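All values derive from a computational prediction rather than experimental measurement.
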Amino acid sequence: MAYRNPLPVAVALQPAYDARGTGLVVITRTIAPARGGTALPGGYVDDREDWRDAVVRELAEETGIAAQSRDVRLADALSSPDGHLILFGMLPERPAESLPRSTATDETEGWHLLRRPEELAFPLHTVAVRAWFDGRYT
């Protein structure tokens, strides 16, 4: 018997710094759900895909930022009220100038740095962002 469950979601926490300080990479969504909302880069883990590979794939698809799955560590695992398991993968902090220019993708208007915690399009993204800014994911 085989089960294909599309519920696990992999979300990237990519810190980046510049002269203004350190923030997290976030995207503005152009697709449902939460079209027009700000969110962390992320999406479903594909069938038979390692969740760390999903973190770096989603980061690249939604921002153009390349990363290595070996550098991803589990920051948090949270369950949403609708039954999704969300795995938040922490990546090493990088200089913002080393990241590719923000451009629109098939799913986003591009990326920017979130400089302080705020309400995001998905409640558990908000929880993770607050935890990161509070220093709980060091």
Side-chain angles (χ1 to χ4, degrees):
M1 190 175 287
Y3 296 96
R4 293 189 182 188
N5 185 347
L7 296 182
V9 174
V11 175
L13 293 163
Q14 176 61 74
Y17 62 89
D18 60 16
R20 293 176 50 205
T22 303
L24 283 174
V25 170
V26 292
I27 53 96
T28 302
R29 296 176 57 85
T30 58
I31 60 170
R35 180 179 287 123
T38 301
L40 293 164
Y44 291 113
V45 177
D46 290 341
D47 185 42
R48 300 177 195 222
E49 182 180 34
D50 184 283
W51 71 271
R52 292 168 293 243
D53 293 333
V55 167
V56 298
R57 176 181 53 74
E58 288 290 343
L59 180 66
E61 286 176 3
E62 296 186 1
T63 68
I65 298 170
Q68 299 295 318
S69 60
R70 69 175 176 264
D71 294 331
V72 178
R73 67 176 181 77
L74 183 63
D76 217 336
L78 302 172
S79 293
S80 68
D82 60 0
H84 287 88
L85 172 64
I86 303 178
L87 303 172
F88 291 90
M90 177 63 67
L91 289 152
E93 185 176 299
R94 300 162 70 168
E97 66 186 20
S98 74
L99 302 178
R101 168 179 257 135
S102 175
T103 58
T105 70
D106 290 343
E107 300 177 2
T108 76
E109 291 179 7
W111 66 269
H112 65 277
L113 289 181
L114 186 67
R115 305 284 181 171
R116 59 181 171 71
E118 63 182 56
E119 292 294 319
L120 297 183
F122 304 108
L124 292 182
H125 288 210
T126 301
V127 169
V129 162
R130 285 188 179 142
W132 183 82
F133 276 102
D134 286 346
R136 288 184 269 156
Y137 293 160
T138 58

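The nearest pair of heavy atoms linking V9 to V45 is C-CG2, 4.3 Å. Nearest heavy-atom pair across W51 and R73 is CH2-C, 3.9 Å. When all heavy atoms of A67 and L91 are compared, the closest pair comes out as CB-CD2, 3.9 Å. The two residues A10 and A54 have their closest heavy-atom pair at CB-CB, 3.7 Å. Shown here for G89 and V72, the closest heavy-atom pair between the two residues is CA-CG1, 3.7 Å. In terms of heavy-atom proximity, G36 sits nearest to T28 at O-CG2, 3.8 Å.
In this structure, CE on M90 lies 8.5 Å from OG1 on T138, to the nearest 0.5 angstrom. Put simply, CZ on R29 and CD on E62 are 6.5 Å apart, with the number rounded to the nearest 0.5 Å. The line from CG of L40 to CG of L13 is 5.5 Å long, rounded to the nearest 0.5 Å. For the atom pair CD of E107 and CD of E61, the computed distance is 6.0 Å after rounding to the nearest 0.5 Å. Atom OG1 of T38 is separated from atom CG of L120 by 6.5 Å, given to the nearest 0.5 angstrom. For the atom pair CD1 (I86) and CG (L124), the distance works out to 4.5 Å, reported to the nearest 0.5 Å.
Contact check for T63 versus Q14: no side-chain heavy atoms found under the 4.5 Å cut-off.
Every residue two or more places apart in sequence or in another chain was checked for a side-chain hydrogen bond (donor to acceptor under 3.5 Å, both in side chains) with T22, and none qualifies.
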Can you list the steps and then say if R130 with E119 is a side-chain contact (heavy atoms from CB on, under 4.5 Å)?
CA-CA 9 Å; R130 285 188 179 142; E119 292 294 319; 2.5 Å; yes
Would you check, one step at a time, whether the test side-chain contact (heavy atoms from CB on, under 4.5 Å) holds for V25 with L99?
CA-CA 10 Å; V25 170; L99 302 178; 4.2 Å; yes
Let me have the donor-acceptor pairs involving side chains of residues 109-117, under 3.5 Å, with sequence neighbours excluded, atom names and distances please.
| residue | atom | partner | partner atom | Å |
| --- | --- | --- | --- | --- |
| W111 | NE1 | P100 | O | 3.3 |
| R115 | NH1 | D18 | OD1 | 2.9 |
| R115 | NH2 | D18 | OD1 | 3.4 |
| R115 | NH2 | D18 | OD2 | 2.7 |

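Within a 6.0 Å sphere centred on CG of D106, heavy atoms belonging to other residues, nucleotides or ligands number 12 at most.
In terms of hydrophobic clustering, with Ile, Leu, Val, Met, Phe, Trp and Tyr side chains grouped at heavy-atom distances under 4.5 Å, L74 and L59 are assigned to a common cluster. If you chain together hydrophobic residues whose side chains sit under 4.5 Å apart, F122 and V55 never meet in one group. When the side chains of ILVMFWY residues are joined at heavy-atom separations under 4.5 Å, either directly or via intervening members, Y17 and L24 end up in two distinct hydrophobic clusters.
When the options E49, H84, E58 are evaluated for a side-chain hydrogen bond (donor to acceptor under 3.5 Å, both in side chains) with Y44, the one that passes is H84.
The aromatic rings of H125 and F88 sit perpendicular, their planes meeting at an angle over 60°, well past the 30° parallel limit.
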